[in-house]
2 protein chains.
Amino acid sequence: MALRHAVLAALLDGEYSGYQLTKIFDIGVSNFWYAAPQQLYAELTKLEADGLVTGREVVQRGRPNKRVFKVTGAGLSELAAFAATPAKPLLIRDDLAVKVHAVDLLDPAPVIEQLHDRARQAAAKLEVFEQLLLRLRGELDEETFLRQGENVGPYLSCLAGCRLERETRAWCLETARTLGERMARAGRETS
Amino acid sequence: MALRHAVLAALLDGEYSGYQLTKIFDIGVSNFWYAAPQQLYAELTKLEADGLVTGREVVQRGRPNKRVFKVTGAGLSELAAFAATPAKPLLIRDDLAVKVHAVDLLDPAPVIEQLHDRARQAAAKLEVFEQLLLRLRGELDEETFLRQGENVGPYLSCLAGCRLERETRAWCLETARTLGERMARAGRETS
DNA sequence: TAGCAGTACTCATGAAGGTGAGTAGTCATG
DNA sequence: CATGACTACTCACCTTCATGAGTACTGCTA
């Protein structure tokens, strides 16, 4: 039961359909969770069966109807209970870091390329997150908003996403540069 | 097949037993992978069956014997193939960020407490990682080591871990402060 | 008017990961 | 000399996650 709470938390921001959640979870809900569409639909079905969310049909013209969901009182209680239990340690799984760890005995070229890819992705996400921050805080500056704003939760978690993406980008670029320089040097010495 | 490569990468640093890997993976192999002991033992068994690692018995006095493993040629090829395939996007799952996202409608007190816990954990990990960096680079300073050192892979991935932990600590403390101040303010206003 | 991209969702399956419980010997501590 | 902590490892089960494939309707574009 983990995706469960992420979905509930996402639905606090408004009513969403499974498809809309797909978009939100695709970029990783401010970077703290990822899920595939099928998982989301399955989870929504379960959540509704458990009475933690309610769905209602929205009739649309020019496109298929959709069912949007919102959190019920029971859902809020569930979230409250969840928030009160000790947090599991941050879970990270990173292919690329594994590759970097092993890079001394491997061909560094593809790893360098992947580092650049990742840096680009991080930059793109960072931009999305920074737009989101602007939208969330409206006309207020950050300090004022954090002091007086209404919904600081999403803002705060998005800040975490920003930090992560910024560091990811910096690390990828530095690491790629380091490996690139070593490759060039090794090339000169062997030739 | 994912833990698989993390285990292979970890075994590049030397021969380790399942139990030793437990310790390494417990703090998260420089923060890029976590696995429970049972998973590691199971994975080692499979890796050995597939000829990617070989084990040998080490007889010990005063404590149980152990089996240590090292990567074979086939294992290295497997890693090389893995390094050449495009990296999966970074996977993050963070309970605490979900809680922060939802904090506006919940009791912030337990969340604040968990943020402090997390900050402490991050500080502890950071210290471990910084010790590891010192050990890895020996007498050289970082720049020289990265230019001329032999095994920079583990160093580089550990740098990623450091960045992550530093940011985690900073974010947790800032977020806890923000939420704490808002709580105090709300308390004054209601009373 | 064929074809493709987008919205919206479902079904099925298997691999990967998580967890509790248990064994067995050694060592230090009170 | 009992208790708990540490090393070292195993078995078994169950949840979660990941993936491919498929349906259906709309609107745009070439």
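Keep in mind that this is a model prediction, so the values were computed, not measured. All values below come from the heavy atoms of this structure, side chains included, with hydrogens, waters and symmetry mates left out. Note on naming: letters A, B, ... go to the chains in the order of the sequence lines (proteins, then strands), and numbering restarts at 1 for each one.
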Scan S17(A) against the nucleic acid and name what it touches under 4.0 Å (heavy atoms): base, sugar-phosphate only, or nothing. sugar-phosphate
More than 12 non-hydrogen atoms from neighbouring residues, nucleotides or ligands closer than 6.0 Å to CD on E150(A), yes or no? no
Have a look at R67(A) and tell me which of E48(A), E15(A), R56(A) forms a side chain to side chain contact (heavy atoms under 4.5 Å, CB included) with it. E48(A)
Would E143(A) and R147(A) pass as an ion pair if we require N to O under 4.0 Å? yes
In plain terms, say whether E130(A) and R166(A) are close enough for a salt bridge, that is, a side-chain N and a carboxylate O under 4.0 Å apart. yes
Q38(B) has an atom CD; how far is it from atom P of dA8(D), in whole Å? 17 Å
Determine, for E181(A) against R177(A), whether the closest basic-nitrogen to carboxylate-oxygen distance falls under 4.0 angstrom. yes
I need the OH-P distance between Y41(B) and dC9(D), as an integer number of Å. 4 Å
Taken to the nearest whole Å, OH/Y34(A) to C1'/dA18(D) is 8 Å
What is the distance, rounded to the nearest whole Å, between atom NZ of K46(A) and atom P of dT10(C)? 14 Å
Atom CG of L3(A) and atom C1' of dT15(D) are separated, to the nearest Å, by 13 Å
At under 4.0 Å, does any side-chain N or O of Q39(A) touch on OP1 or OP2 of dA18(D)? yes
Ignoring the backbone of K23(B), work out which of dT7(D), dA8(C), dT10(D) is nearest its side chain. dT7(D)
Quickly work out the L91(B) CG to dA18(D) C1' distance and round it to whole Å. 11 Å
5'-most contact on DNA chain D: R67(B) or P64(A), nearest heavy atom basis? R67(B)
Output yes when at least one side-chain N/O atom of Y19(A) is less than 4.0 Å from OP1 or OP2 of dC9(C), else no. no
So what does R93(A) hit on the nucleic acid, given a heavy-atom distance under 4.0 Å: a base, only sugar-phosphate, or nothing? sugar-phosphate
Within the structure, does a side-chain N or O atom of Q60(A) lie under 4.0 Å from either OP1 or OP2 of dT7(C)? no
Just the rounded figure in Å: distance from P of dT23(C) to CZ of R63(B). 23 Å
F25(A) has an atom CZ; how far is it from atom P of dT16(D), in whole Å? 15 Å
